[in-house]
Number of protein chains: 2
Amino acid sequence: MTSRIQGARQRARGEITNAIKDEARRHLADEGASRLSLRAVARELGMVSSALYRYFPSRDDLLTALITDAYDAVGAAAEAALAEAESAGDSHLVRWRAVCRAVRAWGLAHPHEYALIYGSPVPGYAAPASTTRPASRVALALLSVLRDAHTSGALREPASGAAAPEAVLKDAELLAEHLGVELPPAVLAEVVAAWSQLFGLISFELFGQFTKVVDARDAFFDHAVEHLADQVGLRR
Amino acid sequence: MTSRIQGARQRARGEITNAIKDEARRHLADEGASRLSLRAVARELGMVSSALYRYFPSRDDLLTALITDAYDAVGAAAEAALAEAESAGDSHLVRWRAVCRAVRAWGLAHPHEYALIYGSPVPGYAAPASTTRPASRVALALLSVLRDAHTSGALREPASGAAAPEAVLKDAELLAEHLGVELPPAVLAEVVAAWSQLFGLISFELFGQFTKVVDARDAFFDHAVEHLADQVGLRR
DNA sequence: CACTGACGAGAGCGCTGCTCTTGCATCGGA
DNA sequence: TCCGATGCAAGAGCAGCGCTCTCGTCAGTG
């Protein structure tokens, strides 16, 4: 029963690790990422600060864990919204809107975690490679809407007048492999653009740039998302 | 000659204030906003840390000064690009693109100052009212392009199929007064949306979300900006 | 049962933002 | 021309920070 005993140890360790992250998230909401204090977290947990280093080798590693969790949370929210829209038999346009709304709703509910992942990158901090997969979940959800629309012929050709750049993306084949289907490069480029613009809308709302500017924010957001859907070629 | 002597004092004070801000900007580029250290700035200037408090009552006030300066710098860049395009007799579409390009170029040249104003808001920090005017200069530049296009009849009606929200903005009259001309509310809403999406494009590029995704970034940006122009009703 | 390894506690280092007091130079009015 | 007021820099000091190292202790292992 070696494994079970070791399991007990690791379970205890996992629980404490989670308690630390939960407390850190609470402090994040109170003070923001740059004021997050290991000592304060430890104090709140009844530990001494040095004990915390048994679980996270540095403050930045704790932040990395929070970042990964946040990417996973927003990605899961987007995927859940997509799955629900799919099982309801919604149109591709409605699915697109559902994903966009889910991302915005998650951001409104967790503004500090949103700022952690979509705000300024932390100073000397470079996101480790382990964050790239969670970070791409929202984009993949959007892309899979487009993929399904494409295979079912519901996608307008994005020859929207302006010369659509062809080879602006890296690794289009890798993406195609991941999605299981090849999307026209122009469509891929449009989706990436729409993806970044979606977060522009959400970030400006969350970071206060819409204060004293935008009033009916739900309607405003939905309207802009409609434009983005049009831009990527989803039929109205 | 009271005023001249006091002027000398204030001139010395102004010079030191600028030296502090310059040194702080240098540290900003090295370390990022949250690691900006008053003591390090003072050390570099051959002062003792406490002397710095004669010029800025707190670290946050120094940051506020840098934020205001950054808003003014990017606003000035946008306005300069617009003025040049106007004097060259460029079309409204080309003026629009010129402003967008100028904002992106400024961001690429000053990534840390960009992050300071368009990244996550500093923790407990609420931007004082004095920053709102500098912060709106880019948006006003974009709006003035639209105003001129509107008055010269070069603006397509933004009845782009989807129900354009009418009353999503606050203070539409105040804006109209500032611009000297009334733009249809629907156009105003489209411009605000395009404005935020523009910064989504730039932020994702600067904050590293395009790493391993987008290759030909100039072309990618120009193409997206073309879409935004279309969205706000500028004729192609 | 003896042992190893994980763990928490505590002291301590150098740094931070910020405050308060002190001494000095300069400026303005008598 | 002298004197009081004012602006300014320096220094000491406080509490807090991230992080390191050492040292008992106790639980799981062979």
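Letters A, B, ... mirror the listed sequences (proteins, then strands); counts begin at 1.
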For [X], check side chain to side chain contact (heavy atoms under 4.5 Å, CB included) against everything at least two apart and list the hits.
{"X": "S58(A)", "result": "D60(A), D61(A)"}
{"X": "A51(B)", "result": "M47(B), V48(B)"}
{"X": "A81(B)", "result": "A102(B)"}

Inset, instruction - Might you point out which heavy atoms bring L201(A) and S196(B) nearest each other, and give the distance in Å? - result: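 Nearest pair, atom of L201(A) first, then S196(B): CD2-OG, 3.1 Å.
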Inset, instruction - Tell me which residues in residues 15-29 of chain A put a heavy atom below 4.0 Å from DNA chain C, sorted by number, or none. - result: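 Correct list: I16(A).
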Inset, instruction - Could you name each residue pair satisfying salt bridge (charged side-chain N to carboxylate O under 4.0 Å, His left out) that touches residues 131-145 of chain A, not counting sequence neighbours? - result: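 Counting only pairs at least two positions apart or across chains, the salt bridge (charged side-chain N to carboxylate O under 4.0 Å, His left out) contacts touching residues 131-145 of chain A are D72(A)-R137(A), E79(A)-R137(A).
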Inset, instruction - Just grab all the salt bridge (charged side-chain N to carboxylate O under 4.0 Å, His left out) pairs involving residues 95-108 of chain A, residues at least two apart or on different chains. - result: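 Of all non-adjacent pairs touching residues 95-108 of chain A, those that pass salt bridge (charged side-chain N to carboxylate O under 4.0 Å, His left out) are R95(A)-D148(A), R97(A)-E226(A), R101(A)-D222(A), R104(A)-E205(A), R104(A)-D218(A).
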Inset, instruction - Report the residues that fulfil ring-ring contact (aromatic ring centres under 6.0 Å, His included) with H110(A), sequence neighbours left out, ordered by chain and then residue number. - result: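 Once residues adjacent in sequence are excluded, the partners of H110(A) under the ring-ring contact (aromatic ring centres under 6.0 Å, His included) criterion are W106(A).
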Atom [atom1] of [X] to atom [atom2] of [N]: distance rounded to whole Å?
{"X": "R43(A)", "N": "dA9(C)", "atom1": "CZ", "atom2": "P", "value": "14 Å"}
{"X": "E31(A)", "N": "dG16(D)", "atom1": "CD", "atom2": "C1'", "value": "13 Å"}
{"X": "L52(A)", "N": "dC17(D)", "atom1": "CG", "atom2": "P", "value": "12 Å"}
{"X": "R11(A)", "N": "dG28(D)", "atom1": "CZ", "atom2": "P", "value": "11 Å"}
{"X": "L45(B)", "N": "dA9(D)", "atom1": "CG", "atom2": "C1'", "value": "13 Å"}
{"X": "R35(A)", "N": "dA15(D)", "atom1": "CZ", "atom2": "C1'", "value": "15 Å"}
{"X": "Y55(B)", "N": "dG7(D)", "atom1": "OH", "atom2": "P", "value": "12 Å"}
{"X": "R59(B)", "N": "dG17(C)", "atom1": "CZ", "atom2": "C1'", "value": "9 Å"}

Inset, instruction - Check the side chains of H223(A) and E190(B) for a donor-acceptor pair under 3.5 angstrom, ignoring hydrogens and angles. - result: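 A donor-acceptor contact under 3.5 Å links the two side chains.
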Choose from [options] the nucleotide whose nearest atom is closest to any side-chain atom of [X].
{"X": "Y53(A)", "options": "dG8(C), dC18(C), dG18(D)", "answer": "dG18(D)"}
{"X": "L38(A)", "options": "dA9(D), dG18(D), dC17(D)", "answer": "dG18(D)"}
{"X": "R54(A)", "options": "dT16(C), dC18(C), dT22(D)", "answer": "dT22(D)"}

Inset, instruction - For F56(B), answer base if it contacts any base atom (sugar-phosphate contacts may also be present), sugar-phosphate if it contacts only those atoms, and nothing otherwise; contact means non-hydrogen atoms under 4.0 Å. - result: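 If one applies the 4.0 Å heavy-atom cut-off, F56(B) turns out to touch nothing in the nucleic acid.
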Inset, instruction - Would you classify L36(A) as touching base, sugar-phosphate or nothing, given that sugar-phosphate means primed atoms plus P, OP1 and OP2, and contacts are heavy atoms under 4.0 Å? - result: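 Sugar-phosphate, no base atom in range.
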Inset, instruction - Give a yes or no on whether a donor-acceptor pair under 3.5 Å exists between the nucleobase atoms of dG7(D), that is its base, and the side chain of R13(B). - result: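 There is none.
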Legend entry - Pairs where residues 44-87 of chain A contributes a residue and the test ring pair (Phe, Tyr, Trp, His ring centres under 6.0 Å) is met, not counting sequence neighbours: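 Applying ring pair (Phe, Tyr, Trp, His ring centres under 6.0 Å) to every pair that reaches into residues 44-87 of chain A, excluding sequence neighbours, yields Y71(A)-Y118(A).
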Return the polar atom pairs (N/O with N/O) between nucleotides 10-13 of chain C and the protein under 3.5 Å, or none.
from, atom 1, to, atom 2, distance (Å)
dG10(C), N7, S50(A), OG, 3.4
dG10(C), O6, S50(A), OG, 2.7

